[in-house]
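Working notes, structure below.
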Amino acid sequence: MKISNEELHHIVSLATGEELEKLYKQYDERLMFLLNDTSATEEQINDVADKVLILSMSVDTTNYQPMELNPEFVKNPPSR
């Protein structure tokens, strides 16, 4: 589901805590996937990271594991 940041702000204002946690988890997992995908673009990563940041302001994120990059990504970070 592709939503704009404006739509996400609207969702955050209306959603329950449980709904926000589910949405945060989906975007967090998507961000991890993109960070480990060598074909992901910087724009894709930034778009999802923005949404994770927006949602993290409304969700208790202490229950989530810290992000880990796969060894291939760490050895060969994308050029920026």
From [X] [atom1] over to [Y] [atom2], what is the distance, rounded to the nearest 0.5 angstrom?
{"X": "Y24", "Y": "M57", "atom1": "OH", "atom2": "CE", "result": "11.5 Å"}
{"X": "H9", "Y": "L55", "atom1": "NE2", "atom2": "CG", "result": "9.5 Å"}
{"X": "I45", "Y": "L34", "atom1": "CD1", "atom2": "CG", "result": "6.0 Å"}

How about D28 and F33: do any of their side-chain heavy atoms sit closer than 4.5 Å?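 Counting from C-beta outward, D28 and F33 never come under 4.5 Å.
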
Please name the residue in the list I11, L23, L20 that meets the side chain to side chain contact (heavy atoms under 4.5 Å, CB included) test with S58.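 Exactly one option meets the side chain to side chain contact (heavy atoms under 4.5 Å, CB included) with S58, and it is L20.
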
Before you tell me yes or no, could you show the steps for Q44 and T41 under side-chain contact (heavy atoms from CB on, under 4.5 Å), namely the whole-Å CA-CA distance, both residues' side-chain angles and the distance that decides it to 0.1 Å? CA-CA 5 Å; Q44 289 172 311; T41 66; 3.1 Å; yes

Just grab all the salt bridge (Lys or Arg N to Asp or Glu O under 4.0 Å) pairs involving residues 43-55, residues at least two apart or on different chains.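 Listed by first then second residue: K2-D47, D47-K51.
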
Do N36 side-chain atoms and M32 backbone N/O form a donor-acceptor pair below 3.5 Å?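 At least one qualifying donor-acceptor pair exists.
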
Name all residues meeting the side chain to side chain contact (heavy atoms under 4.5 Å, CB included) criterion together with T16; count only those two or more places apart in sequence or in a different chain, and write none if there are none.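 Once residues adjacent in sequence are excluded, the partners of T16 under the side chain to side chain contact (heavy atoms under 4.5 Å, CB included) criterion are E18, E19.
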
